[in-house]
Amino acid sequence: KVIKFLSLIVPSTPLEGHMDRLTICDPWSLKQELPKICNQIFRELGSQQQEWTYQQCLAIDLLEAGVEEIHMEVDFPLTYKGKGVANRRADMILDLSSGDQAIIELKAVERMDILDRGQLEYYMHYAAIDNGYLINFPHDKGFPSVTKKSHFKYDSVTALDRTRHLLSDRPTARQIL
């Protein structure tokens, strides 16, 4: 099994336009291009985004770079007495055109620890995938500056509407049991 740890070091030279010449089709090309893609994302977004934000941006860039398909938030069901009680979720499982797969587990924390590696190993074992990458986008607490140029468009949603939307997709305890 191959487990790669990527540390993000923002390059001193811009990688503008690098997406035009990428073709990720196998584990070797993924290994070569993934650090460049992650560094570009981190350089553009900074260190105060949530993990999900980095994940969405990474998915966009990987698809543009030739990854055949990306499975997001893949459930690994946990059962108790034959009943599903919870899920563990792998952030991303990539299907490459070579027929190989890779798991990417993302973090947005100040520093990773041994438990993060164990999480990736768990997913690799139960999915029977030999290629895995644990990527940390180092995180500073707080919110991005509103005075800097934003890469996002924010839509206003009232708190009540947002809460209703978030809860509408969640099953109740009665539905589960």
Listed partners of Ser97 passing side-chain hydrogen bond (donor to acceptor under 3.5 Å, both in side chains), at least two apart: none
N/O donor-acceptor pair under 3.5 Å between Asp116 side chain and Asp113 backbone: yes
Which heavy atom in Pro27 sits nearest to a heavy atom in Asp100, and how many Å separate them? CD-OD2, 3.2 Å
In sequence, state the C-alpha distance, the side-chain angles, and the governing distance for Ile37 and Ile24, and then conclude on side-chain contact (heavy atoms from CB on, under 4.5 Å). CA-CA 11 Å; Ile37 293 170; Ile24 297 176; 3.9 Å; yes
Taking every heavy atom of Ile41 against every heavy atom of Phe137, the minimum-distance pair comes out as CG2-CE2, 4.1 Å
Starting at CG of Leu120, measure out to CD1 of Ile103 and round the result to the nearest 0.5 Å. 6.5 Å
If the condition is side chain to side chain contact (heavy atoms under 4.5 Å, CB included), which residues does Ser47 pass it with, not counting sequence neighbours? Phe42, Asp140
If every non-hydrogen atom of Leu96 is compared with every non-hydrogen atom of Asp26, which pair is closest and at what distance? CD1-C, 3.5 Å
Closer than 3.5 angstrom, by distance alone: can the side chain of Asn136 be matched with the main-chain N or O of Arg111 as a donor-acceptor pair? no
Distance in Å, Leu106 CG paired with Asp91 CG, rounded so as to fall on 0.5 Å steps: 5.0 Å
When Gln119, Arg117, His125 are each screened for side-chain hydrogen bond (donor to acceptor under 3.5 Å, both in side chains) with Glu121, the one that passes is Arg117
More than 12 non-hydrogen atoms from neighbouring residues, nucleotides or ligands closer than 6.0 Å to CD on Glu110, yes or no? no
Please tabulate, for side-chain N and O atoms in residues 67-78, each donor-acceptor pair with protein atoms closer than 3.5 Å (sequence neighbours left out).
residue : atom : partner : partner atom : Å
His71   : NE2  : Asp95   : OD2          : 2.7
Glu73   : OE2  : Gln55   : NE2          : 3.3
Asp75   : OD1  : Arg89   : NE           : 2.7

Is it the case that over 12 heavy atoms from other parts of the model lie below 6.0 angstrom from the CH2 atom of Trp28? no
Closest non-hydrogen atoms of Asp130 and Met124, given as atom of the first, atom of the second and distance, are O-CE, 3.4 Å
Closest approach of Ala90 and Glu105, non-hydrogen atoms and distance? CA-OE1, 3.8 Å
Point-to-point distance, once rounded to the nearest 0.5 Å, from SG of Cys57 to CD of Glu44: 8.5 Å
What pair of heavy atoms forms the shortest contact from Ala102 to Leu30, and how long is it? CB-CD2, 3.6 Å
